[in-house]
Amino acid sequence: MKPRQIVEQIIGDEYIPQVHSFGALGYTPERILNLLSLPKAQKAALLLRINTPSDPYYQAYNNGKTIGEYNIDATLAKQAEAGDIQAIEALATRQHERKVQDLSRELFGV
């Protein structure tokens with residue numbers, strides 16, 4: 001049996017919806033593990049799956065994070081359009097931070 005199959009036997013796909021939702025809320029994988037109150041072996045397997053790019057948990061977590069970021073940006077954009085100076089500043093900061101993160105991922109894989 002391959003290591004991936006072993007990990008998938010330890011933790012199936014039943015937590016994908018929760019991982020997606022928690023990702024949308026901006027929770028870290030470690031926080032998600034604590035919130036799910038899983039046994040130690042399942043926590044380790046889930047953490048591995050969340051950090052494996054080809055895994056459905058990885059996709060669910062990152063899609064959730066992206067949706068959460070979009071929702072925040074959309075709300076800030078509406079407030080900025082209405083002239084809210086703090087929203088304009090917050091949106092500009094978030095856009096700058098995202099560019100830095102994207103560039104770091106592109107250049108260094110981080």
Side-chain angles (χ1 to χ4, degrees):
M1 193 176 305
K2 294 181 180 180
R4 181 178 178 139
Q5 292 171 325
I6 294 169
V7 170
E8 288 175 354
Q9 280 187 338
I10 294 171
I11 185 128
D13 293 342
E14 65 269 20
Y15 296 103
I16 287 175
Q18 288 120 315
V19 168
H20 182 272
S21 296
F22 290 143
L25 294 172
Y27 293 171
T28 64
E30 291 76 17
R31 183 175 206 154
I32 293 169
L33 298 176
N34 289 330
L35 288 168
L36 292 175
S37 300
L38 300 172
K40 191 174 184 177
Q42 285 186 317
K43 282 184 179 181
L46 181 54
L47 185 60
L48 180 64
R49 291 190 71 183
I50 286 175
N51 289 302
T52 303
S54 61
D55 197 277
Y57 276 105
Y58 177 90
Q59 297 297 324
Y61 177 68
N62 285 293
N63 287 343
K65 276 180 48 175
T66 301
I67 289 169
E69 290 171 1
Y70 167 78
N71 288 336
I72 292 169
D73 289 346
T75 299
L76 287 171
K78 286 180 185 178
Q79 293 171 348
E81 287 174 4
D84 184 330
I85 302 298
Q86 289 178 333
I88 294 169
E89 291 171 353
L91 187 58
T93 299
R94 289 176 59 79
Q95 290 171 339
H96 175 73
E97 289 172 353
R98 196 169 18 261
K99 285 179 186 176
V100 170
Q101 288 173 349
D102 290 346
L103 191 55
S104 293
R105 248 189 308 269
E106 183 181 320
L107 295 174
F108 308 112
V110 178

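Side chains included, hydrogens not; waters and symmetry mates left out as well; all remaining heavy atoms used. The model shown is predicted, which means the values in this text are computed figures rather than measured ones.
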Nearest 0.5 Å, what's the [atom1]-[atom2] distance between [X] and [Y]?
| X | Y | atom1 | atom2 | result |
| --- | --- | --- | --- | --- |
| Thr75 | Asp84 | OG1 | CG | 12.0 Å |
| Gln59 | Thr66 | CD | OG1 | 10.0 Å |
| Tyr15 | Leu33 | OH | CG | 11.0 Å |
| His96 | Thr93 | NE2 | OG1 | 8.5 Å |

Is any side-chain heavy atom of [Y] closer than 4.5 Å to one of [X]?
| X | Y | value |
| --- | --- | --- |
| Tyr58 | Asn51 | no |
| Lys43 | Leu36 | no |
| Ile50 | Asp55 | no |
| Gln79 | Gln86 | no |
| Ile11 | Tyr57 | yes |

Heavy-atom closest pair, residues [X] and [Y]:
| X | Y | result |
| --- | --- | --- |
| Leu47 | Pro29 | CD1-CB, 3.8 Å |
| Ile10 | Ala41 | CG2-O, 3.6 Å |
| Ala80 | Ala87 | N-CB, 3.8 Å |
| Gly12 | Arg49 | O-NH1, 3.3 Å |
| Gly23 | Ile32 | N-CD1, 4.3 Å |
| Tyr61 | Tyr27 | OH-O, 2.9 Å |

So that I can tick it off, tell me whether Lys99 and Asp102 are bridged by a salt bridge, with the cut-off set at under 4.0 angstrom between side-chain N and carboxylate O. no
